[in-house]
Amino acid sequence: MEDASQESAPRLDAAFFARDVELVARDLIGVSLTVDGVGGPIVETEAYDARDPASHSFRGPTPRNAVMFGPPGHAYVYRIYGLHWCVNFTCGHGAAVLIRAIEPTMGMDEMRARRTGVAERLWCAGPGRLCEALGIDGSLNRLPLDRPPFALHGRPTEAMVTPTRRVGISVATEVAWRFCLAGSPYLSKPPFAGPSKR
DNA sequence: CTACCGATCGCCT
DNA sequence: GGCGATCGGTAGC
């Protein structure tokens with residue numbers, strides 16, 4: 001019976017994404033993301049909101065970031081450095097979760113073809129890399145996450161999630177709004193990464 | 001292993 | 001006109 005057992009997975013509907021963005025980012029760890037059946041469990045995320053100087057939404061709505069101010073549960077896809085794509089899940093009012101890494105488990109042949117010559121561990125270890133592996137580009141911007149080609153399955157991980165400081169930003173670097181599945185070999189950078197003495 | 005660099009687009013000042 | 005929520009290659013330790 002699919003009663004109140006802890007096994008039943010929560011629906012990742014608008015209500016899931018409408019919560020505090022930091023909680024959403026934490027709860028997405030362990031949830032499987034697929035695009036046309038290709039993807040796997042999310043192992044690394046970052047939270048951004050409109051009061052956050054590091055966020056695209058900090059200075060208010062623009063044509064690029066408009067979807068961040070739209071309804072929760074949609075994809076915000078943008079181009080970075082002129083060549084790579086990054087995907088976020090919107091949480092309403094200018095908040096969104098950047099998906100930074102997943103563990104590749106579904107559609108392995110397709111990902112291998114899209115990431116030729118790259119070690120499997122690195123196929124989806126980074127926001128640009130996972131968009132390449134899953135075939136995410138600007139044509140998916142604004143699309144709802146509860147319909148194809150997107151699919152979200154499973155539930156937040158029961159394993160340890162490590163909060164750390166975010167990557168690649170120059171302001172608001174002190175808040176621990178990056179969330180990693182502890183010990184995962186599929187992260188873009190190990191938690192607490194820094195100059196590795198010793 | 002770390003460090004630097006170039007690629008290349010759209011947004012914001 | 002400047003600069004990013006990046007990546008992959010190359011050079012050097």
Side-chain angles (χ1 to χ4, degrees), chain A residues 17 20-22 24-26 28-29 33 35 42-70 72 74-104 111-142 145 161-181 185-198:
Chain A
F17 292 103
D20 186 84
V21 66
E22 189 180 342
V24 177
R26 162 64 180 78
L28 282 170
I29 301 299
L33 163 67
V35 177
I42 296 169
V43 298
E44 181 179 343
T45 61
E46 285 180 358
Y48 291 86
D49 72 29
R51 300 179 2 177
D52 173 3
S55 173
H56 288 179
S57 57
F58 181 60
R59 296 172 193 279
T62 68
R64 177 176 67 158
N65 67 21
V67 65
M68 293 181 79
F69 292 90
H74 289 242
Y76 168 42
V77 181
Y78 67 93
R79 204 192 263 287
I80 188 168
Y81 297 109
L83 30 153
H84 305 294
W85 298 101
C86 294
V87 62
N88 297 248
F89 296 168
T90 65
C91 296
H93 305 285
V97 175
L98 172 66
I99 309 303
R100 287 194 55 90
I102 71 174
E103 174 182 348
M111 287 189 280
R112 184 180 300 106
R114 290 167 174 162
R115 305 283 294 136
T116 310
V118 179
E120 184 175 318
R121 189 187 73 75
L122 300 176
W123 283 356
C124 304
R129 289 166 173 169
L130 84 86
C131 282
E132 183 77 26
L134 272 60
I136 295 172
D137 64 20
S139 70
L140 302 187
N141 190 35
R142 299 173 173 272
L145 298 169
V161 173
T162 307
T164 70
R165 294 190 292 187
R166 295 175 294 182
V167 175
I169 56 174
S170 54
V171 292
T173 55
E174 67 286 352
V175 295
W177 278 7
R178 174 184 177 228
F179 299 91
C180 297
L181 176 61
Y186 299 99
L187 302 175
S188 64
K189 299 180 183 174
F192 310 125
S196 74
K197 333 277 191 202
R198 49 186 295 151

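In the text below, chain A, chain B and the rest are named by the order of the sequence lines, each starting its count at 1.
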When you compare the side chain of [Y] with that of [X], does any pair of heavy atoms fall below 4.5 Å?
X      : Y      : result
A:V87  : A:V35  : no
A:I42  : A:F89  : yes
A:T45  : A:V24  : no
A:V175 : A:R165 : no
A:M111 : A:C124 : yes

How many Å lie between [atom1] on [X] and [atom2] on [N], as a whole number?
X      : N      : atom1 : atom2 : answer
A:D49  : C:dA5  : CG    : P     : 15 Å
A:W85  : B:dC9  : CH2   : P     : 11 Å
A:R166 : C:dA5  : CZ    : P     : 10 Å
A:L98  : C:dG4  : CG    : P     : 16 Å
A:R79  : B:dC12 : CZ    : C1'   : 18 Å
A:I99  : C:dT6  : CD1   : P     : 14 Å
A:N141 : B:dC9  : CG    : P     : 18 Å
A:E44  : C:dT6  : CD    : P     : 10 Å

Worksheet item: Can you name the side-chain contact (heavy atoms from CB on, under 4.5 Å) partners of A:T173, sequence neighbours left out?
Response: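 side-chain contact (heavy atoms from CB on, under 4.5 Å) list for A:T173, sorted by chain: A:I169.
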Worksheet item: According to a 3.5 Å limit on both distances, what stems of 3 or more consecutive Watson-Crick or G-U pairs are formed with DNA chain C?
Response: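 The stems that DNA chain C takes part in, listed by first number, are B:1-7 with C:6-12, B:9-12 with C:1-4.
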Discussion item. For A:Y48, give me all partners under ring pair (Phe, Tyr, Trp, His ring centres under 6.0 Å), at least two apart in sequence or on another chain.
Written reply: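 For A:Y48 there are no ring pair (Phe, Tyr, Trp, His ring centres under 6.0 Å) partners, ignoring immediate neighbours.
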Item to complete: Taking ring pair (Phe, Tyr, Trp, His ring centres under 6.0 Å) as the test, write out the residues that go with A:Y78, two or more places apart.
Response: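 In terms of ring pair (Phe, Tyr, Trp, His ring centres under 6.0 Å), with neighbours along the sequence ignored, A:Y78 is linked to A:H56, A:Y76.
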Worksheet item: Taking all atoms of both residues into account, what is the closest heavy-atom pair of A:A66 and A:R142, and its distance?
Response: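 A:A66 and A:R142 have their closest heavy atoms at CB-NH2, 3.7 Å.
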Discussion item. I need the minimum non-hydrogen distance between A:D52 and A:F58, along with the two atoms involved.
Written reply: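 Result for this residue pair: O-CB, 3.3 Å.
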Discussion item. Under 4.0 Å, heavy atom to any atom of DNA chain C: which of residues 56-70 of chain A qualify?
Written reply: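 The stretch gives A:H56, A:M68 as the residues lying under 4.0 Å from the strand, ordered by number.
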Discussion item. For nucleotides 7-13 of chain C, give me one character per nucleotide, 5' to 3': B if any protein heavy atom sits under 4.0 Å from the base, S if the only such contacts are to the sugar-phosphate, - if neither.
Written reply: SS-----
Discussion item. Over all strands shown, is A:I169 touching base, sugar-phosphate only, or nothing at heavy-atom distances under 4.0 angstrom?
Written reply: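 Sugar-phosphate contact only.
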Worksheet item: Is the ring of A:Y81 stacked on the base of C:dG4, with centres less than 5.5 Å apart and planes under 30° off?
Response: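 Not stacked: fails the 5.5 Å / 30° test.
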Worksheet item: When the P atoms of B:dT13 and C:dA5 are considered, how many whole Å apart are they?
Response: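 The same atom, P, in both gives a distance of 13 Å.
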Worksheet entry | Whole-angstrom distance between C:dC13 and B:dC5, as gauged at atom P |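 It works out to 15 Å between them.
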Discussion item. With a 4.0 Å cut-off on N to O distance, would you call A:R26 and A:D20 a salt bridge?
Written reply: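 Salt bridge absent between A:R26 and A:D20.
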Discussion item. Salt bridge or not between A:E132 and A:R115? Use side-chain N to carboxylate O under 4.0 Å.
Written reply: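 Not counted as a salt bridge, because no side-chain N and carboxylate O are separated by less than 4.0 Å.
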